[in-house]
Amino acid sequence: MNILVTGGAGYIGSITCVQLIEAGHRPVILDSLVNAKAAVLGRIAQVSGIQPSFMEGDVRNKALLVQVLHDHKIDAVIHFAGLKAVGESVDHPLRYYDNNVQGTLVLIDAMNQVGVKTLVFSSSATVYAPSHDMPLHEASVKGASSPYGRSKWMVEEILADVVASDPSWSMTALRYFNPVGAHPSGLMGEDPQGVPNNLMPFIAQLAVGQRSVLRVFGNDYETPDGTGVRDYIHVMDLADGHLAALQHAHGRAGHHVFNLGSGQGHSVLEMLATFAQACGKSLLHEFAPRRSGDLAAFWADASLAEKVLGWRVRRSLQAMCEDTWRWQSQNPKGYTS
Ligand code: NAD
Ligand code: UFG
């Protein structure tokens, strides 16, 4: 299939492009490069042997989308493009609603005009309400706690409404849990700007000496070792989940929602110890107060994706850390190096 990949120069999108190429599809990337570097395109080519077509542009540009959908005879769209920093979304909510919600509306409008009716959308576990009732399954209570999370939930509801109004659409929302890891080649991975907010990129920068100590936010949670527990998913498994979702969605109209997670929780200290083993260094940490807005623990019930898509995670926490270490140690400055 010819697949338009919006946000395909980003962390998850670029690695998904490699997996699409390896499965015989032709990805076409549209990305504004607001949070990515053009150097990733050469890496996709280096890893997969094929450099996908790339358009630098914004998903809110309908004329451009119509042209790309038409000219490349696109069969389906995977929509990664969006802003994803929770804290920034609190300070700049309109920027998030405009980019994430309006961007999707324009995309759907353009797809409708050209007659492309299959969309796979990057949603997030952040759409769920805080709960002690684990694991989270697709029908668990919703209640995002940031403009970012609400933008994802709004889009999910829009997708459902569009399918209800026109059953020829195939709309799939994939709720990612905590994506980490890198391509096993060490050539592609996460390249955050500034000080990373997320645990894994912070630990990776600690391991290469760019950070001095990991601040562990809270050691008094009701978890086995007192630190926060999350469902980390290897980005390669996540990319494979998109292929499975695409295969399921194409030619099958309707509205589909799947959790993509491992179904298992791991604590901050467990993650740190596994990374220390992978890089062969001891990594300094200190306990700090809980981070505002953090939950003690959440993980996915990923059984629906296994049942319907035939997909489940295959890569361990050890592989997530080893692959991240390979990427970080070979590219300490990310794609600029
Ligand atoms: P990323 O920032 O690396 O990738 C997003 C890409 O979209 C970037 O390359 C950026 O330049 C591009 N982009 C942003 N706005 C755009 C616009 N208006 N037009 C065109 N391109 C635009 O992020 P990622 O981690 O690869 O995440 C991909 C998607 O998955 C996002 O929608 C994100 O919200 C979602 N998601 C990510 C996580 C995570 O922890 N990484 C978790 C759940 C959901
Ligand atoms: N943590 C630390 N120190 C750090 C960074 C994180 O102790 O320097 C802890 C957090 O307190 C949490 C765990 O590591 O217990 C994971 O934190 P992340 O920031 O990596 O991940 P979150 O689960 O908090 O949030 C992520 C994304 C959100 C998304 C959510 C659910 O950042 O965008 O997963 O998908 F909404």
Side-chain angles (χ1 to χ4, degrees), residues 3-18 27-44 51-69 72 74 77-111 119-124 126 144 146-155 158 174 176 179-180 182 188-198 200-202 205 235 238-239 242 327 331 333-337:
I3 316 288
L4 173 61
V5 184
T6 74
Y11 168 47
I12 304 168
S14 60
I15 291 177
T16 301
C17 284
V18 166
V28 173
I29 297 174
L30 177 87
D31 197 303
S32 64
L33 300 181
V34 64
N35 196 36
K37 300 196 182 86
V40 73
L41 301 165
R43 299 293 179 94
I44 295 175
Q51 180 141 342
S53 304
F54 169 67
M55 250 68 55
E56 184 174 342
D58 198 292
V59 284
R60 290 164 293 183
N61 181 344
K62 185 180 167 195
L64 175 65
L65 280 171
V66 167
Q67 190 192 332
V68 172
L69 290 163
H72 291 271
I74 296 296
V77 178
I78 308 182
H79 182 35
F80 292 103
L83 301 178
K84 63 166 183 175
V86 174
E88 185 190 56
S89 80
V90 174
D91 294 336
H92 301 284
L94 297 181
R95 193 182 292 173
Y96 273 68
Y97 293 123
D98 185 32
N99 211 309
N100 296 1
V101 181
Q102 178 64 11
T104 309
L105 286 176
V106 173
L107 174 63
I108 295 171
D109 194 19
M111 289 172 70
L119 177 66
V120 174
F121 170 66
S122 299
S123 189
S124 166
T126 192
S146 69
Y148 166 70
R150 280 187 282 279
S151 76
K152 292 292 177 187
W153 179 240
M154 284 176 194
V155 169
I158 290 167
L174 300 178
Y176 313 160
V180 297
M188 300 175 69
E190 191 170 6
D191 182 14
Q193 318 288 307
V195 181
N197 288 314
N198 297 116
M200 182 65 123
F202 193 99
Q205 293 192 359
V235 66
L238 191 57
H242 288 76
W327 155 252
N331 308 269
K333 292 189 177 142
Y335 287 112
T336 54
S337 57

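The structure presented is a predicted model; accordingly, all values stated were derived computationally and were not measured.
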Pick one: which of N100, D98, N35 meets side-chain contact (heavy atoms from CB on, under 4.5 Å) with L83? N100
Given N99, L105, T104, L107, the one that forms side-chain contact (heavy atoms from CB on, under 4.5 Å) with R60: N99
Okay, side chain of [X], backbone of [Y]: is any donor-acceptor separation there less than 3.5 Å?
{"X": "S32", "Y": "G57", "value": "no"}
{"X": "Y335", "Y": "L41", "value": "no"}
{"X": "T126", "Y": "G149", "value": "no"}
{"X": "Y11", "Y": "A182", "value": "no"}

With side-chain contact (heavy atoms from CB on, under 4.5 Å) as the test, would you mind laying out the steps for I3 and V120 before giving the verdict? CA-CA 10 Å; I3 316 288; V120 174; over 6 Å; no
Quick check: closest heavy atoms across [X] and [Y], and the distance to 0.1 Å?
{"X": "S122", "Y": "K152", "result": "O-NZ, 2.9 Å"}
{"X": "I12", "Y": "P179", "result": "CD1-CG, 4.0 Å"}
{"X": "P147", "Y": "S89", "result": "CG-O, 3.1 Å"}
{"X": "S146", "Y": "V90", "result": "CB-CG2, 4.5 Å"}
{"X": "V180", "Y": "M200", "result": "CG1-CB, 3.6 Å"}
{"X": "P196", "Y": "Q205", "result": "CD-OE1, 3.4 Å"}

Worked check of side-chain contact (heavy atoms from CB on, under 4.5 Å) between I29 and C17: CA-CA 8 Å; I29 297 174; C17 284; 3.8 Å; yes
Should F202 and V195 be marked as a side-chain contact (heavy atoms from CB on, under 4.5 Å) after you check the CA-CA gap, both sets of side-chain angles, and the distance that decides it? CA-CA 7 Å; F202 193 99; V195 181; 4.0 Å; yes
Side chains of [X] and [Y], heavy atoms from C-beta outward: is any pair under 4.5 Å?
{"X": "I108", "Y": "I158", "value": "yes"}
{"X": "D58", "Y": "V34", "value": "no"}
{"X": "I44", "Y": "P52", "value": "yes"}
{"X": "V40", "Y": "F54", "value": "no"}
{"X": "V59", "Y": "L30", "value": "yes"}

Hey, what do you get for [atom1] ([X]) to [atom2] ([Y]), rounding to the nearest 0.5 Å?
{"X": "S14", "Y": "R43", "atom1": "OG", "atom2": "CZ", "value": "10.5 Å"}
{"X": "M188", "Y": "I15", "atom1": "CE", "atom2": "CD1", "value": "5.0 Å"}
{"X": "S123", "Y": "L174", "atom1": "OG", "atom2": "CG", "value": "8.5 Å"}
{"X": "Q193", "Y": "K37", "atom1": "CD", "atom2": "NZ", "value": "4.5 Å"}
{"X": "I78", "Y": "F121", "atom1": "CD1", "atom2": "CZ", "value": "13.0 Å"}
{"X": "Y97", "Y": "H92", "atom1": "OH", "atom2": "NE2", "value": "14.0 Å"}

Hey, what's the ring geometry for H242 with Y176, parallel, tilted or perpendicular (30° and 60° as the breaks)? perpendicular
Are H72 and L4 close enough, and set up right, to give a side-chain contact (heavy atoms from CB on, under 4.5 Å), and what steps lead you there? CA-CA 8 Å; H72 291 271; L4 173 61; over 6 Å; no
Side-chain donor-acceptor pair under 3.5 Å between E88 and Y148, yes or no? no
